[in-house]
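Structure first, then comments.
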2 protein chains.
Amino acid sequence: MANRKILIVDDESAIREMVRIGLEMAGFNCMEAADAQDAYGKILDARPDLILLDWMMPNTSGLELLRRLRRDDVSRDIPVIMLTAKDDEDNRIQGLDVGADDYITKPFSSRELLARIKAVLRRSADPEDGDAVEVSGLMLDPVSHRVFAESRPLEMGPTEYKLLKFFMTHQERAYSRGQLLDQVWGSNVYVEERTVDVHIRRLRKALETDIRDYGTLIQTVRGTGYRFSAAGLE
Amino acid sequence: MANRKILIVDDESAIREMVRIGLEMAGFNCMEAADAQDAYGKILDARPDLILLDWMMPNTSGLELLRRLRRDDVSRDIPVIMLTAKDDEDNRIQGLDVGADDYITKPFSSRELLARIKAVLRRSADPEDGDAVEVSGLMLDPVSHRVFAESRPLEMGPTEYKLLKFFMTHQERAYSRGQLLDQVWGSNVYVEERTVDVHIRRLRKALETDIRDYGTLIQTVRGTGYRFSAAGLE
DNA sequence: CTTTTTTGTGACATTATTGTTACAAACGCT
DNA sequence: AGCGTTTGTAACAATAATGTCACAAAAAAG
């Protein structure tokens with residue numbers, strides 16, 4: 001539940017308020033929008049983790065907004081829960097077809113709403129994964145979340161793992177510390193650039209084995225940053 | 001939806017008929033039951049892949065039947081979709097609590113019903129149990145619903161059993177707490193993610209024996225979740 | 001051969017994450 | 001109703017991970 005942003009889209013401010021208060025008490029971070037226009041702006045701006053979308057809206061219908069969201073790359077993956085009237089069955093079905101993740105009928109209990117929000121957020125979390133990468137005896141498997149050197153598992157912290165994963169999927173290219181921070185740490189964290197050096201150091205250390213020092217695969221590019229290259233050093 | 005069997009439990013034969021015809025046209029294989037007694041027999045007999053359960057029934061209530069199904073090993077894993085009246089919100093919540101996988105309010109369209117059936121089947125599409133799993137001395141037998149370590153039976157609660165079963169049938173893969181909640185608890189249960197940790201702890205404890213600590217097969221993946229791995233722990 | 005700049009390294013305080021225990025509520029059973 | 005189990009959570013303890021710093025080493029520049 002940790003600081004997830006939820007956008008509430010409803011033209012009735014009374015309902016928005018009620019829902020917002022409930023959700024904020026439950027630990028969510030809320031924003032409100034009164035119409036589709038407003039909603040769209042806030043979505044682009046704040047990138048909510050989930051959208052509660054009222055179906056009955058004055059200008060653009062909820063359906064139309066949902067369609068637009070599903071077409072756009074920015075909003076394509078944001079889960080949407082529709083709020084529909086009890087007997088508005090047609091809209092519910094249309095909504096599910098267009099890509100709503102769930103719906104809840106008004107009036108609803110706070111408990112039911114919370115349960116559905118939780119479930120949807122859980123389902124849409126971490127869609128990551130990919131294929132295993134292997135470079136001259138060093139293998140990273142995103143499924144098991146593990147790194148092997150000559151089939152022996154290596155130990156390393158989460159950041160080192162992410163760093164290595166990034167390098168192995170972006171070989172033979174130099175990255176500045178800033179770029180690495182963006183890619184591995186995330187673009188909205190502020191830490192010293194030197195922090196990268198320390199983690200590089202930790203990663204290199206974790207890559208040392210009796211058989212071979214895979215740390216040498218990470219090369220420092222003076223004045224620039226670091227590069228992962230299959231051709232070791234000499 | 002290749003030859004999936006669906007059991008329709010409803011006391012009104014008209015509704016059963018209607019639903020059956022619709023589902024059969026959609027390629028499902030249907031059976032009907034008019035009451036809980038009847039339903040229970042057919043479940044044991046035919047092992048349906050999914051149960052559509054009407055909530056309003058003359059003798060035993062739907063809730064009671066669902067409880068019974070969830071208690072019994074044979075029917076524990078069969079997904080259930082409740083059919084509820086429009087405004088019967090209390091029952092819906094109770095139903096989800098007891099272990100229904102989804103609900104749909106009457107009257108419903110065939111389209112909506114189909115959508116929900118497919119969603120539920122998709123979620124529960126697991127390599128059906130039946131075969132025992134064995135990993136380096138630890139054996140889980142889904143038929144007898146028991147776990148053995150070096151042929152000695154181990155004691156554990158239902159949740160720990162389900163957790164272990166999931167792990168043993170999905171080895172070498174890291175799962176987030178959310179994913180485990182979805183898979184082991186069910187996708188519409190609202191519990192804290194930390195609950196997973198506690199059950200992991202209970203499971204690990206249950207896996208300790210004099211001969212060997214099988215709890216170490218469950219590895220924590222920091223920042224991510226847990227993984228069951230037969231090999232490579234130090 | 002100095003001086004300056006850049007990177008490597010170990011130590012440390014602080015946070016985050018996970019392990020563990022205790023407890024109360026809910027449930028099934030008798 | 002009474003009893004033992006199971007479950008979810010909160011609270012606290014134990015660990016692991018993180019970001020920074022100070023200083024050493026290494027390159028580059030002059």
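Hydrogens, waters and symmetry mates are skipped; everything else that's a heavy atom, side chains included, is used. Note on naming: letters A, B, ... go to the chains in the order of the sequence lines (proteins, then strands), and numbering restarts at 1 for each one.
- Projected onto DNA chain C by closest heavy-atom contact, A/Arg204 and B/Asp197 fall at different nucleotides, the more 5' of which corresponds to A/Arg204.
- Residue B/Gln219 contributes atom CD, which lies 14 Å from atom P of D/dA16 at whole-angstrom precision.
- At a threshold of 4.0 angstrom between heavy atoms, the contacts of B/Glu160 are confined to the sugar-phosphate backbone, with no base atom among them.
- For the OP1/OP2 pair of C/dT7 and a distance below 4.0 Å, the side-chain nitrogens and oxygens of A/Thr220 include no atom meeting the criterion.
- For C/dG8, the base has no donor-acceptor partner in the side chain of A/Arg202 [N/O atoms by modelled type, under 3.5 angstrom].
- Closest approach to the A/Thr159 side chain among D/dG8, C/dT21, D/dA17 is made by D/dA17 (side chain taken as heavy atoms from C-beta onward).
- When rounded to the nearest whole Å, the span between NE2 of B/His199 and C1' of D/dG8 equals 7 Å.
- The pair A/Glu32-A/Arg20 meets the salt-bridge criterion, since a charged nitrogen lies less than 4.0 angstrom from a carboxylate oxygen.
- A/Arg194 has a carboxylate O that lies under 4.0 Å from a charged side-chain N of A/Asp197, or vice versa, which qualifies the two as a salt bridge.
- Look at B/Trp185 and you won't find any side-chain N or O under 4.0 angstrom from OP1 or OP2 of D/dT7.
- The ring of A/Phe228 has its center no closer than 6.0 angstrom to the ring center of A/Tyr175.
- In this structure, the CD atom of B/Glu193 is 17 Å from the C1' atom of D/dT7, given to the nearest Å.
- Here the P atom of nucleotide D/dA28 and the CZ atom of A/Arg222 are 6 Å apart, to the nearest Å.
- Across all strands, A/Tyr161 comes closer than 4.0 Å to no nucleic acid atom at all (heavy-atom distances).
- Of the two residues near DNA chain C, B/Gly223 and B/Arg201, the one whose nearest nucleotide lies more 5' is B/Gly223.
- Rounded to a whole Å, the CD atom of A/Glu192 is 13 Å from the C1' atom of D/dT18.
- We find that CG of B/Leu203 is positioned 12 Å from P of D/dT7, with the value rounded to whole Å.
- The shortest distance between the side-chain N/O atoms of B/Tyr226 and the OP1/OP2 oxygens of C/dG19 is below 4.0 Å.
- In terms of modelled atom types and a separation under 3.5 Å, the side chain of A/Asp49 and the main chain of A/Lys5 share a donor-acceptor contact.
- When the C1' atom of D/dT7 is taken as reference, atom CZ of B/Arg194 falls 16 Å away, rounded to whole Å.
- In summary, the aromatic rings of A/Tyr161 and A/His145 are positioned with their centroids under 6.0 Å apart.
- For the pair B/Ile200 CD1 and D/dT15 C1', the interatomic distance rounds to 17 Å; values are reported in whole Å.
- Looking at heavy-atom distances under 4.0 Å, A/Arg177 makes contact with sugar-phosphate atoms alone, never a base.
- Residues A/Met156 and A/Tyr190 both approach DNA chain D. Their nearest nucleotides, taken by heavy-atom distance, put A/Met156 toward the 5′ side.
- Residue B/Thr195 is in base contact, counting any heavy-atom pair closer than 4.0 Å across all strands shown.
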